[in-house]
J.: 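Here's a structure for you.
Worth saying up front: this structure is predicted, and the values here are computed from it rather than measured. Letters go in sequence order (proteins before strands), and every chain restarts at 1.
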There are 4 protein chains.
Amino acid sequence: MANKAPKSSQKNLKNPKKAAAILKAAEHIFARKGFQTATISDIAKKAKVSEATIYEYFSSKEELLFAIPGEIIQHYQEKNREILPYIHGAANKLRFLIHRHLALYEDNPDYANVVMLILKGNPNFLKTEAYRVVQSSAQNYIQVLEEGIESNEFRPDMDPYVIRAMIWGSIEHLVTRKSLLGKPASLTDLTETLFNTLFIGIRATPEQPPVHINVHMSRSE
Amino acid sequence: MANKAPKSSQKNLKNPKKAAAILKAAEHIFARKGFQTATISDIAKKAKVSEATIYEYFSSKEELLFAIPGEIIQHYQEKNREILPYIHGAANKLRFLIHRHLALYEDNPDYANVVMLILKGNPNFLKTEAYRVVQSSAQNYIQVLEEGIESNEFRPDMDPYVIRAMIWGSIEHLVTRKSLLGKPASLTDLTETLFNTLFIGIRATPEQPPVHINVHMSRSE
Amino acid sequence: MANKAPKSSQKNLKNPKKAAAILKAAEHIFARKGFQTATISDIAKKAKVSEATIYEYFSSKEELLFAIPGEIIQHYQEKNREILPYIHGAANKLRFLIHRHLALYEDNPDYANVVMLILKGNPNFLKTEAYRVVQSSAQNYIQVLEEGIESNEFRPDMDPYVIRAMIWGSIEHLVTRKSLLGKPASLTDLTETLFNTLFIGIRATPEQPPVHINVHMSRSE
Amino acid sequence: MANKAPKSSQKNLKNPKKAAAILKAAEHIFARKGFQTATISDIAKKAKVSEATIYEYFSSKEELLFAIPGEIIQHYQEKNREILPYIHGAANKLRFLIHRHLALYEDNPDYANVVMLILKGNPNFLKTEAYRVVQSSAQNYIQVLEEGIESNEFRPDMDPYVIRAMIWGSIEHLVTRKSLLGKPASLTDLTETLFNTLFIGIRATPEQPPVHINVHMSRSE
DNA sequence: GATGAATGAGCATTCATTCAT
DNA sequence: CATGAATGAATGCTCATTCAT
C-alpha cells in the first residue's frame, strides 16, 4: 500500500499538482496550435506559471510534449487490466477493448489531437518511456486475439499482429478524421460496426457452410 | 485541347523540370528531417538551385510541402481509373485497390514518410488542392463497395464509409509503422490478409458436422 | 583588542567556515569555468550548500568573485610586512618580493586562474575593497625601490612606478602563460632571472665605465 | 600580383567593407561593455546592419570577438617585418619593437581594451587563427634578442624567452592600466625607460672616479 | 540559519522570405 | 530566369536572485 503513493509522484518531484496543471495546459495548447506553433509562453500563461517554472518540471518543450500521454495512458491501461478478467469470451473482450480505445479518444479530444496530429509523426516519441506504456496497452489486443484463437472463437489462420494493426489503424483513422473534420460525431457508436466487420466480414452470404444432407430413404414395409 | 497546355504548366510555369527537381529534393529532405527541421537551404542544396529560385516556383515552404503529393497521386489515380473497369467483381476490385494503395507507399518510401509523418498532422493540408485529389482517390473505395452491395457480393447492411475508414486506417497504420520502425518488410504482401479479414472476418467457422437427416418415407396405407 | 572580534566576523557574519567553504568552491569553479560559464548552482554543489545559502553570505555572484582574493592577499601581505624588516639591502628585499609574488601564484593555481583570467579584466574589481589590499601590497615594491635609490643600490634616475609595472607585468605575464599553457613549469625558479635582468640589464659589457687615464710624462733629469 | 587582392578578401566573402564595419563596431562595443554585456543587437545598431547580417559574416558572437585582432595584427606585423631590416643593431631593433608595441595599443585604444580585458582571459582564443599571428609577432622579439647575443650586444647568458616575457608583460601591464585607469598618459613615451631598464638594469653604477695614472718615464742613463 | 521553489529578465541564433541586379 | 545578399521576426532556454517556510 505504501508503494502506491510514490507511484503517482514518481516522475515529477516538487509540486505534482503544478506539474499536472502544466501538462494539462500543454495538452490544451498543443492540441490547438500544434507543436511548433505553440510557444512555451502560451503554455505558461495557460498554466498560470512562469515559463521558467515549466523548465523546473520539464527539461524541454519536446519532453513536455512527450510527457502528455503518460498519466492518461497509464490509467487507461490499469483500468483495462482491471476489467478484462471479468469479461467472458475473447470476442466480448475484443469488443470491450475497441470500445475503450474509442472512448479514450472521445473523452479526451485534446489528447486525441496531440496524439494523432503531433506525437504520431514524431520519431523521437518512439524512444520515450511513455511509448512503452502505449506498447504495453497494445499487447492487450494480442492477448485477447490469441485467446480467441485458442478458444476457437477466432479463425486459427489469422495473424494477431495484422488484426491489431487493422483495429488500431481503423480507430486512429477515425479519431484523426474526427480531430480534423469533426466528422464521425460519435466514436464509441462505431464500436459495434468495427467489431462486427472485423468479426464477420463484409461478405454477403454470411458463412452458410454447405449443409450435407444424407437422405436415407427407406420404405417401411 | 486548351486544357492540355495548362496541364504541363499547370501550377508551375517556367522550367517544369526544375520544379520537379525541387519537389523531389523537398520530398527527400522532408522525409528525412521533418518539416520544421528541414530548411529551404537544405532543399536548395539538394536540388542544386538557389533558395530564391525555390520561391520562384513555390510561394512558401508549406506550399512546397503541399505540392509534393500532387503529381504522384494524380498518376496513381489515373492508373486506377484506367484499370478498374477491366476487373470483374467488386471483391476483385477491392483487392486491387488495396494492393495499389499499399504499393503506392511501398514504391515511394520518401513519399510515404512525408504523407504519414508530416502531411497527415497538418490541418492546413485539408484546404489544399492536392487534398482534393486524395479525396477523389478515396472515392474509388466507396464506389467499389457500393457496387459490391448492389451486386450482392457485400453485405447490404455495411457502411461503405466505415469500411473505407478501416481500410485506409489499416493501410496507413502499416505504412507508418514501416516508415518509423521498418517493420512490415513488405507491405504489398499483406494485401491478401487485409482483404480476407475484411471480407470474411475473423470469426472461426466452427466445423459444421454433416447433418444426417433420415427421411423415412412411409406410405400411409 | 576591539579590532580582534571584527577580524573573524569581518565580512561574513554567521558561520565563517561555511563562508570559507563557499569561497573555496567558488575559486575552484571560477578557475575552471570562467565567470560567466560558472553557475551559482555549480558552486553550491561544490560547496555542498544550497544556492540560497550562498546569497546569505554573498550578495551577488560578482561579489562572491571579488571576495576570493581577500583572505589570501591579506595573509600574503601580512607575511610580507612581517619578514621584510629582517632582510637587509633593497636588492635583497626586491628579490624577496619577486619570489613571494611568484610563489603566491605558484602555490595557488586556482587563485592564479581567477585573478589572471577573470578579475584582471573586470573593471568593477577596481572599486573593490579587495583591490585596496592588492594596491597596498603593490606599495611594497615602491618602498623597496625608493629605499634602494636612497641607499645608492639602485639608479637614482629610475622611475619606481615603471619598474614596479615591469615587475608586475613580467610576473603576471608568466603566471598567465602558466595558467593557460602550463608552460613555465616552475614560476619561482624564475626569481633569479627576473631579478638579475632587472638589476643588471641585458647589455653585454656590464657597465665598465670608461677609464680615464692621465698620463704625465716627465723626464727625470 | 593577382594574388594580392584575394589576400585581403580571403576570409570574409561577400561585402568586405561590411565585414570591416561590423568588426569595427564590435571592437567599439566590446571595448566599452565587455563580452558578455555587449549584445549582438548593440553591435548591429552600431554597424548599421541587421543582427542577422552579422551572422552572415561571423558564425557566432565569440567568433566575431576573435576576428577583431586579425586585420590589425596582420598589418602591424607586416610593417614590422618591412622596417626591421633597415634598423642596425639589435639594441636599436629592440627599442623599435618596444615602441611599435606600445604604439599599437596607444593608437588603438578600443583594440587595447578588447585584447587586454577580454581576449587575454579567454582560453579559447589560443586555438584561434588570429592567435597564430600574435605568436608570429612575438617571434620578432626572440629573433632580435638572439641576434643581439650573437652580435655581442646582449649578455650571452640571458634567456630570450624570459626577456620577451618581461617585455610583453611590462607592456601589457601598462596598457591594461591605461585601459582601466587611464593612468600612463602616454604609452610610447615609456619606450626609452623600458628599453633602458631592460638594457642596463637598475643597479646603480657607483661613480667610478677617473683613474689617474702617473707614468713616469725615465731614461735610464 | 538554511533552503526548496518560483520567476523575471534577457539574448544569441535561426530561417523563411524578399528584392535589386 | 536566377540568385547573392540582407533581414525581420520570433522564441526556447538559462540563471541569478528572491522569499516564504
Side-chain angles (χ1 to χ4, degrees), chain A residues 12-15 18-19 22 35-44 47-64, chain B residues 13-15 18-19 22 35-44 47-65, chain C residues 12-15 18-19 22 35-44 47-65, chain D residues 13-15 18-19 22 35-44 47-64:
Chain A
N12 298 308
L13 346 153
K14 312 194 184 190
N15 188 340
K18 196 162 281 191
I22 292 169
F35 182 70
Q36 295 293 343
T37 312
T39 69
I40 293 292
S41 170
D42 290 335
I43 296 168
K48 286 174 186 166
V49 298
S50 76
E51 301 179 31
T53 297
I54 291 181
Y55 284 89
E56 289 285 317
Y57 289 84
F58 304 94
S59 61
S60 74
K61 192 185 179 186
E62 200 175 45
E63 201 207 272
L64 175 55
Chain B
L13 348 153
K14 317 189 187 189
N15 188 340
K18 197 163 279 190
I22 292 170
F35 182 70
Q36 294 293 343
T37 312
T39 68
I40 293 291
S41 169
D42 291 334
I43 296 168
K48 286 174 184 167
V49 299
S50 78
E51 305 177 32
T53 297
I54 291 181
Y55 283 88
E56 291 284 318
Y57 289 84
F58 304 94
S59 63
S60 76
K61 190 186 180 186
E62 201 174 44
E63 201 208 272
L64 174 55
L65 170 68
Chain C
N12 305 306
L13 347 152
K14 317 190 185 190
N15 188 338
K18 197 163 280 192
I22 292 169
F35 182 71
Q36 295 292 343
T37 312
T39 68
I40 294 290
S41 169
D42 291 334
I43 296 168
K48 286 173 185 168
V49 299
S50 77
E51 304 177 33
T53 298
I54 290 181
Y55 283 87
E56 292 285 318
Y57 290 85
F58 304 94
S59 62
S60 74
K61 190 186 180 186
E62 200 174 46
E63 201 208 273
L64 175 55
L65 169 69
Chain D
L13 348 152
K14 313 192 185 194
N15 188 339
K18 196 163 281 190
I22 293 170
F35 182 70
Q36 294 293 343
T37 311
T39 68
I40 293 290
S41 169
D42 290 335
I43 296 168
K48 287 175 185 166
V49 297
S50 77
E51 302 178 31
T53 297
I54 291 180
Y55 283 89
E56 290 285 318
Y57 289 85
F58 304 94
S59 61
S60 74
K61 192 184 179 186
E62 200 174 45
E63 201 208 272
L64 174 56

J.: Using atom CZ of F58(D) as one end and atom P of dT14(E) as the other, report the distance to the nearest whole Å.
T.: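 Spelled out: CZ on F58(D) to P on dT14(E) is 16 Å.
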
J.: Which nucleotide, in any strand shown, forms a Watson-Crick or G-U wobble pair with dA2(F), with both distances under 3.5 Å?
T.: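 Its partner is dT21(E) (Watson-Crick or G-U wobble, both distances under 3.5 Å).
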
J.: Return the pairing partner of dT14(F) with a 3.5 Å limit on both distances, Watson-Crick or G-U wobble; otherwise return none.
T.: dA9(E)

J.: How do S50(B) and E62(C) order along DNA chain F: which one's closest nucleotide is nearer the 5' end?
T.: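 Checking each residue's closest nucleotide, the 5'-ward one belongs to S50(B).
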
J.: Taking only the side-chain nitrogens and oxygens of Y55(C), find out if one of them lies under 4.0 Å from OP1 or OP2 of dT3(E).
T.: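 Checking dT3(E) against Y55(C), no side-chain N or O comes under 4.0 Å of OP1 or OP2.
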
J.: Distance check: side-chain N/O of T53(A) vs OP1/OP2 of dA6(E), anything under 4.0 Å?
T.: no

J.: Mind calculating the distance between NZ (K61(A)) and P (dG12(F)) to the nearest angstrom?
T.: 4 Å

J.: What's the CZ-P distance between F35(A) and dT11(F), to the nearest Å?
T.: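 Answer to the nearest Å: 13 Å.
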
J.: What's the spacing between E56(B) CD and N15(B) CG if we round to 0.5 Å?
T.: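 E56(B) CD to N15(B) CG: 12.0 Å, rounded to 0.5 Å.
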
J.: Whole Å only: how far is the CD1 atom of I54(A) from the P atom of dA5(E)?
T.: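 In whole Å, dA5(E) P and I54(A) CD1 are 17 Å from each other.
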
J.: Can you tell me how far apart CD1 (I40(C)) and OG (S60(C)) are? Round to the nearest 0.5 Å.
T.: 8.0 Å

J.: Once rounded to the nearest 0.5 Å, what's the spacing between atom CD of E63(C) and atom OH of Y55(C)?
T.: 10.5 Å

J.: Both E56(A) and S59(D) contact DNA chain E. Taking the nearest nucleotide for each, which residue is further toward the 5' end?
T.: E56(A)

J.: Please tell me which of S41(D) and V49(A) maps to the more 5' nucleotide of DNA chain E, matching each residue to the nucleotide holding its nearest heavy atom.
T.: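 Nearest nucleotide further toward 5': that of V49(A).
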
J.: Calculate the interatomic distance between D42(B) atom CG and dT14(E) atom C1'; express it in whole Å.
T.: 12 Å

J.: Find the distance E63(B):CD to dT17(E):C1' and express it as a whole number of Å.
T.: 14 Å

J.: Choose from dT7(E), dC13(F), dT13(E) the nucleotide whose nearest atom is closest to any side-chain atom of E51(A).
T.: dC13(F)

J.: Have a look at A38(B) and say if it touches a base, only the backbone sugar-phosphate, or nothing, with a 4.0 Å heavy-atom cut-off.
T.: sugar-phosphate

J.: Tell me whether the OP1 or OP2 atom of dA6(E) has a side-chain N or O from Y57(A) closer than 4.0 Å.
T.: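 It does, given that an N or O in the side chain of Y57(A) lies less than 4.0 Å from OP1 or OP2 of dA6(E).
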
J.: Side chain of K18(C), backbone of A47(C): donor and acceptor closer than 3.5 Å?
T.: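 Checking the backbone N and O of A47(C) against the side chain of K18(C), no donor-acceptor pair under 3.5 Å is found.
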
J.: Rounded to the nearest Å, what distance is computed from the CD1 atom of residue I43(D) to the C1' atom of nucleotide dT13(E)?
T.: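 Whole-Å distance recorded here is 14 Å.
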
J.: Could you state the CG-C1' distance from N15(B) to dT3(F), rounded to the nearest angstrom?
T.: 15 Å

J.: To the nearest 0.5 Å, how far apart are CD1 in I43(D) and NZ in K48(D)?
T.: 16.0 Å

J.: Find which nucleotide of DNA chain F each of T39(C) and K48(B) is nearest to by heavy atoms, and output the residue with the more 5' nucleotide.
T.: K48(B)

J.: Contact class for S60(B) vs. all strands (heavy atom < 4.0 Å): base, sugar-phosphate, or nothing?
T.: sugar-phosphate

